[in-house]
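In this chain, numbering begins with 1 at the start of the sequence shown. The structure displayed is predicted, hence computed values, not measured ones.
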Amino acid sequence: MVKVTVCIGSSCHLKGSRHLVEQLQRLVKLKKLDADVDLSGTFCMGKCGDGGVAVTVNGEHYSVKPEDADDFFDTAVVGAVNG
């Protein structure tokens, strides 16, 4: 099971975390990875200055802009599922 956590704190919220979560939920369903991906939200991860929304995949930190959700998902999340 791949654990994906998205920051929903105020700074990341302003950077589009809600939209990013919705996109990731859509991608999990679209690619039929419900049994392989545990998607959740959390408050501040302390990575606010990185430009995008703070996201972890199995504890590894990423900074993701909502417009990059598809590429991030295919690279980091699907990569971890297949890894």
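A 4.5 Å side-chain heavy-atom check between V4 and V28 finds every atom pair outside the cut-off. At least one side-chain heavy atom of Q25 sits under 4.5 Å from a side-chain heavy atom of V21. When side chains are defined from C-beta on, D70 counts as touching L27, because their heavy atoms get closer than 4.5 Å.
The number of heavy-atom neighbours closer than 6.0 Å to NE2 of H13, taken from other residues, nucleotides and ligands shown, is 12 or below. Other residues, nucleotides and ligands contribute only 12 or fewer heavy atoms inside 6.0 Å of the NZ atom of K65.
Using a 3.5 Å distance cut-off with no hydrogens or angles, the side chains of K47 and T56 do not pair a donor with an acceptor.
The cluster map of Ile, Leu, Val, Met, Phe, Trp and Tyr, joined by side-chain heavy atoms under 4.5 Å apart, puts F72 and L39 in the same cluster. Under the 4.5 Å side-chain heavy-atom criterion for grouping Ile, Leu, Val, Met, Phe, Trp and Tyr, V81 is connected to V64 within one hydrophobic cluster. One hydrophobic cluster, built from ILVMFWY side chains closer than 4.5 Å, cannot hold both M1 and V57; they sit in different ones. Taking hydrophobic clusters as Ile, Leu, Val, Met, Phe, Trp and Tyr residues chained together by side-chain heavy-atom distances below 4.5 Å, V6 does not share a cluster with L14.
The minimum heavy-atom distance between G16 and V53, with the atom names listed, is C-CG2, 4.0 Å. The minimum heavy-atom distance linking P66 with H19 is given by the pair CB-CD2, 3.7 Å. Across all non-hydrogen atoms, the minimal contact from L20 to A69 is CD1-CB, 3.6 Å. Contact detail for A54 and C12: the closest heavy-atom pair is N-SG, 3.4 Å.
Going from atom OG1 of T5 over to atom OH of Y62 covers 12.5 Å, rounded to the nearest 0.5 Å. Rounded to the nearest 0.5 angstrom, S11 OG and M45 CE are separated by 12.0 Å. Of the inter-residue distances, the one linking Q23 atom CD with E67 atom CD reads 8.5 Å to the nearest 0.5 angstrom. Taking OG from S40 and CD1 from I8, the interatomic distance works out to 9.0 Å, rounded to the nearest 0.5 Å. The line from CG of D38 to CG of L33 is 13.0 Å long, rounded to the nearest 0.5 Å.
Contacts of N58 classified as side-chain hydrogen bond (donor to acceptor under 3.5 Å, both in side chains), with partners at least two apart in sequence or in another chain: none.
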Worked verdict on F73 versus V78 for side-chain contact (heavy atoms from CB on, under 4.5 Å): CA-CA 6 Å; F73 190 84; V78 173; 3.6 Å; yes

D74/K31 under side-chain contact (heavy atoms from CB on, under 4.5 Å): CA gap, chis, key distance, verdict: CA-CA 10 Å; D74 289 341; K31 300 195 183 245; 3.1 Å; yes

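A donor-acceptor pair under 3.5 Å is formed between the side chain of S63 and the backbone N or O of G52.
Salt-bridge check for E22 with R26: failed, with every basic side-chain N at 4.0 Å or more from each acidic carboxylate O.
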